[in-house]
Number of protein chains: 2
Amino acid sequence: MGKYHHGDVRNVLLQKAENILIDEGPTGLSLRRLARLTGVSEAAPYRHFDGKDGILAAVAISAFERFAQKLEDVAARIDTHEDRIMALGAAYVGFAIEHPQHFRLIFGRERPPLDQYPELRDAADNAFDVLQRAVTSVDRKAEMTLTEAATAYNRALAAWSRAHGIAMLVIDGMIAPPADIELDDFVLGLLAEDLNRTDAA
Amino acid sequence: MGKYHHGDVRNVLLQKAENILIDEGPTGLSLRRLARLTGVSEAAPYRHFDGKDGILAAVAISAFERFAQKLEDVAARIDTHEDRIMALGAAYVGFAIEHPQHFRLIFGRERPPLDQYPELRDAADNAFDVLQRAVTSVDRKAEMTLTEAATAYNRALAAWSRAHGIAMLVIDGMIAPPADIELDDFVLGLLAEDLNRTDAA
DNA sequence: TTTCTTATGTTAACTCTGTTTACATTATCG
DNA sequence: CGATAATGTAAACAGAGTTAACATAAGAAA
């Protein structure tokens, strides 16, 4: 009763791998268990992926794509520069909260090395390009001096850093909103902290 | 030729474990390799530590202690509130850059569960207490309304988030200073981004 | 069609890991 | 001294990633 070529092993593996990853993270994902769970021999995954890193890379690629898509959608919908940066920050943190394992996978050191997976590198580059384009597409177009441009860039990095820090600290459970505040509002409050300054240092 | 009780196995293991950890991270640390490297049987480490997590916990504890010490030193030396937050941020990121693996260990998910290692929990609590005390010890003492206090707290979280984000992005190689800027200045520039705002949103 | 090649699947092995068990030795303390 | 706890060992177990040798199915070429 040869069940050879039941057709779609690669996709099934990928799907199940992603589910396991969501529940248990990269360390909890075992190729052998995955194979057993898929009802296929323990060596079969190696016919479809370049070992464990290969599977992680495949998942990471789709994660990068969804991430980039979300950022792009948000960026396209907002007009003014400041609002766009704020909305991007919210989307960035939102993605991390909705898909913490994916977020960790694409940023953490469990991510397979980019130089060994060109498609992964492309996906990563694209995601960061989206981020950078959205952040540097200022309203007053091209009317900046060099130092102004440098300041804008620095500001973008600072915004990115804060969003990234919030994302990490929230999904690692180090910070959490007070009982009477919604998570979204909490995040927005942190992201907007710059803008509400009233007193001088 | 019984070399039983050569005296200091625990410390030797710990030291070597820390070195391996610095070079290769938690995944690269193998108890068996560690034992062989120490010249002791492969089961010996289990006499001194509660398995791999036990060793990681021990290293994490000392990491937390050094981290807290550094923050405390800095906080004690700075007078004004704003300056202190800035200096703490710099120290925070500085620690991450000097000891990236330690930083990852105490914040990442490879860290053994706090509720299984009370001393680890204590070390962690202490470190974050230092951070929080330093950040909330305002100059104009106790003369704040509730909303002022809430704002101050929010601001502290925002500062922490940014410092954490910078630390992560820098040690993961996602952001780096321009060629003509020192790393320290780069970090300080990002941390201080709030304070330099001149234009209205 | 038949045949050759490639893709896909399997089994069995190898090496490494974490961990535990049973046993041996040493140190310590009554 | 002798009993007990601490520390060491070897041997085993289960699970992991990976590879090699082999088997079969599918598709292209003749």
For the pair A:Arg104 (side chain) and B:Gly108 (backbone), establish whether a donor and an acceptor sit closer than 3.5 Å, ignoring hydrogens and angles.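 Judged by distance alone, no pair lies under 3.5 Å.
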Does B:Phe95 have any ring-ring contact (aromatic ring centres under 6.0 Å, His included) partners at least two apart in sequence or in another chain, and if so, which?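 B:Phe67, B:His99.
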Tell me: CZ of B:Phe49 to P of D:dG8, nearest whole Å?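 Going from B:Phe49 (CZ) to D:dG8 (P), I get 11 Å.
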Taking only residues two or more places apart in sequence, or in another chain, which ones meet A:Arg111 in a salt bridge (Lys or Arg N to Asp or Glu O under 4.0 Å)?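 A:Arg111 satisfies salt bridge (Lys or Arg N to Asp or Glu O under 4.0 Å) with no other residue.
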Does CD belonging to B:Glu98 count more than 12 external heavy atoms closer than 6.0 Å?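 Yes, the 6.0 Å shell around CD holds more than 12 heavy atoms from other groups.
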Nearest-Å distance, CG (B:Asp8) to C1' (D:dT7)?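 My rounded result for the distance is 14 Å.
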For nucleotides 12-16 of chain C, tabulate all protein N/O to nucleotide N/O atom pairs closer than 3.5 Å, reporting atom names and distance.
unit_1	atom_1	unit_2	atom_2	d
C:dA13	N6	A:Arg32	NH2	3.4

From CG of B:Asp53 over to C1' of C:dT19, roughly how many Å is that when rounded to an integer?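 It is 12 Å, rounded to the nearest whole Å.
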For A:Arg33 and C:dT17, give me the distance from atom CZ to atom P, rounded to whole Å.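 Value for this atom pair: 21 Å.
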Give a yes or no on whether the backbone of A:Gly89 and the side-chain of A:Arg162 come within a donor-acceptor separation of less than 3.5 Å.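 Judged by distance alone, no pair lies under 3.5 Å.
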So which atom in A:Leu21 and which in A:Pro26 form the shortest heavy-atom distance, rounded to 0.1 Å?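 Here A:Leu21 and A:Pro26 meet closest at CD1-CA, 3.7 Å.
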Map A:Leu31 and B:Ala44 onto DNA chain D by nearest heavy atom, then report which one ends up closer to the 5' terminus.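 Nearest-nucleotide comparison on DNA chain D picks B:Ala44.
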Would a distance-only check, ignoring hydrogens and angles, find a side-chain to backbone donor-acceptor pair under 3.5 Å from B:Arg84 to B:Ile78?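 At least one qualifying donor-acceptor pair exists.
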In whole angstroms, how far is the C1' atom of D:dT19 from the OH atom of A:Tyr46?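 Distance, rounded to whole Å: 9 Å.
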How many whole angstroms separate atom NE2 of B:His48 from atom C1' of D:dA6?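 Result: 9 Å.
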Look at all strands and tell whether A:Ile55 reaches a base, only sugar-phosphate, or nothing, counting heavy atoms closer than 4.0 Å.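 Since no nucleic acid heavy atom lies under 4.0 Å of A:Ile55, the category is nothing.
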Which whole-number value in Å describes the distance from B:Arg47 CZ to C:dT19 P?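 Result: 14 Å.
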Rounding to a whole Å, what distance do you find between B:Leu13:CG and C:dG18:P?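 Nearest whole value for this atom pair: 13 Å.
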What nucleotide among D:dT9, C:dT8, C:dG18 has an atom nearest to a side-chain atom of B:Lys52?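 Closest of the options to the side chain of B:Lys52: C:dG18.
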